[in-house]
Amino acid sequence: VTVPRPTDQPILQGFGNAVTALDWNSDGSQIVSGHEDGSVRVWDTRTGDPVVTLRGNREAVWSVDWQPNGDKIVSGGGDFMVRVWDLATHTMIPQYQHTPTIFDQVPGVLSVAWSKDGEIASGGSDGVTRIISSVDRSRLLDQTRGTIFSVDWHPTEDKLAVAGGLGQLQLWDTNAHQLLHTFTCEAKDPWVTARFSPDGSRIAGTTNTGTVCVWDITTQHTLYVLNNLRGAVAWRPGTNEIAGVNYNNPSQVQIWNLENQEMVASVAIDAEVRSLAWNPDGTELATGSQDGIIQIWSPR
């Protein structure tokens, strides 16, 4: 089923700069986007109007995350800085600078994420995974020789999924500073994304060659394997579905039912899709593309 874009749903224009990251606020009324020009933009999802443009990054923004039930946004990007943006005051607070690297294909802070308790996890091309409590308080969780591509917090526990390093996808207990498990699958390529399911019972990992593996975090067993999806994947809240970008056609987003191993819907975009995110109730999917456009879809 190809999903048509609703005629009454606004298109959010990113002013021609590739939309590299997306996240919704807790009630779905606003969405934040990160862009290749270094800007962080907040939008009203019902009217399509821009709310605020936040500037201060000196390079592309690779990751954004909205504070759970809050009015702050964290971003990470090509200038190796982790920044927090306070939407109440429109101010920016530098949190931590990762060590610059010069030989990586995509340098910088590649992933940031808020925990349920207000801590920030960050990872990047310097191989460092860090937990940031405040401007002057942070701790090193892990350091490796490879790039950290993705970090994601468990929704209710002090656990962090980390993809990257030496091609590994790991689960950490951040409170005990302990590596709990390293996940393996039939894929042999490096993991570039790690995402907890909304209920925290599973982790999805994607490789740079189009494989998605899903594990049970309690048993560590592989539950599902999908092929032909690349980049970041997004769990659909309240369902057993996952959305990702078609590996062979990066202008198409596919939605898969994991239990049936069937594609239930697809979304056709006019340009390469760089980012995607479900709203909190799973009724709408936002896509951000290379041409700077954000579209909101309503799959059944």
Side-chain angles (χ1 to χ4, degrees), residues 5-6 8-95 106 108-114 120 122 124 150-151 231-232 234 243 245 250-251 253 267 269-280 283-298:
R5 195 184 71 81
D8 61 345
Q9 185 60 261
I11 293 177
L12 316 181
Q13 292 283 357
F15 304 100
N17 295 293
V19 185
T20 49
L22 289 171
D23 194 32
W24 299 72
N25 69 346
S26 59
D27 65 8
S29 63
Q30 294 183 339
I31 197 167
V32 59
S33 57
H35 296 263
E36 256 185 0
D37 69 347
S39 64
V40 175
R41 301 173 187 268
V42 179
W43 309 83
D44 185 307
T45 58
R46 300 308 167 199
T47 66
D49 295 332
V51 176
V52 64
T53 298
L54 305 168
R55 296 190 182 276
N57 296 293
R58 296 186 296 273
E59 300 289 343
V61 176
W62 300 130
S63 180
V64 293
D65 195 37
W66 208 302
Q67 183 184 32
N69 301 311
D71 57 0
K72 294 179 181 179
I73 292 164
V74 63
S75 68
D79 61 1
F80 294 90
M81 285 297 303
V82 178
R83 291 181 168 88
V84 167
W85 308 85
D86 189 328
L87 296 183
T89 60
H90 293 179
T91 56
M92 180 267 291
I93 308 168
Q95 298 291 303
V106 184
V109 177
L110 303 185
S111 186
V112 290
W114 289 98
I120 297 167
S122 64
S150 180
V151 295
V245 179
S251 63
V253 172
V267 173
I269 318 294
D270 293 330
E272 178 184 349
V273 178
R274 297 288 302 276
S275 52
L276 68 166
W278 289 100
N279 71 346
T283 59
E284 295 179 329
L285 177 68
T287 59
S289 51
Q290 181 67 31
D291 58 4
I293 293 177
I294 302 166
Q295 298 184 66
I296 298 176
W297 310 80
S298 300

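Computation of the quantities below employed the complete heavy-atom set of this structure, encompassing side-chain atoms and omitting hydrogens, waters and symmetry-equivalent molecules.
Counting only heavy atoms from C-beta outward, the side chains of Ser251 and Glu272 never approach each other to under 4.5 Å. Side-chain contact between Val74 and Gln95 is absent, with no heavy atoms from C-beta onward closer than 4.5 Å. The side-chain heavy atoms of Trp62 and Asn57, taken from C-beta on, include no pair separated by under 4.5 Å. A 4.5 Å side-chain heavy-atom check between Leu87 and Leu54 finds at least one atom pair inside the cut-off.
When atom types are taken as modelled, the side chain of Ser275 and the backbone of Val19 share a donor-acceptor pair closer than 3.5 angstrom. Trp114 places a side-chain N or O within 3.5 Å of a backbone atom of Asp65 that can act as its donor or acceptor partner. No donor-acceptor distance shorter than 3.5 angstrom exists from the side chain of Asp23 to the backbone of Val64, with no hydrogens or angles considered. A donor-acceptor contact shorter than 3.5 Å links the side chain of Thr45 to the backbone of Gly28. Of the possible polar contacts, one joining the Asp79 side chain to the Arg58 backbone as a donor-acceptor pair under 3.5 Å is found.
Of all heavy-atom pairs spanning Trp66 and Ile31, the tightest one is CZ3-C, 3.8 Å. Nearest heavy-atom pair, Ser75 versus Trp85, reported as atom, atom and distance to 0.1 Å: OG-NE1, 2.9 Å. Between Ala277 and Ala234, the closest heavy-atom pair is CA-CB, 4.4 Å. Summarising the geometry of Ser122 relative to Val109, their closest heavy-atom pair is CB-CG1, 4.3 Å, with the distance given to 0.1 Å. Between Ala88 and Asp71, the shortest heavy-atom distance links the atoms CB-OD2, 3.6 Å. Among all heavy-atom pairs drawn from Pro280 and Ser26, the shortest one is CG-O, 3.4 Å.
Annotation: the span from Thr53 atom OG1 to Arg41 atom CZ amounts to 4.0 Å, rounded to 0.5 Å. To the nearest 0.5 Å, the span separating CD1 on Ile73 from CZ on Arg83 amounts to 14.0 Å. Separation of atoms OG1 (Thr20) and CG (Asp37) is listed at 9.0 Å; rounding is to 0.5 Å. To the nearest 0.5 Å, atoms CD1 (Ile269) and CH2 (Trp297) are separated by 4.0 Å. Between atom NZ of residue Lys72 and atom OG1 of residue Thr91 there is a gap of 8.0 Å, rounded to the nearest 0.5 Å. Between the CD atom in Glu59 and the CE atom in Met81 there is a gap of 13.0 Å [rounded to 0.5 Å].
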Q) Going through the distances and angles, do Met92 and Arg55 end up as a side-chain contact (heavy atoms from CB on, under 4.5 Å)? A) CA-CA 9 Å; Met92 180 267 291; Arg55 296 190 182 276; over 6 Å; no
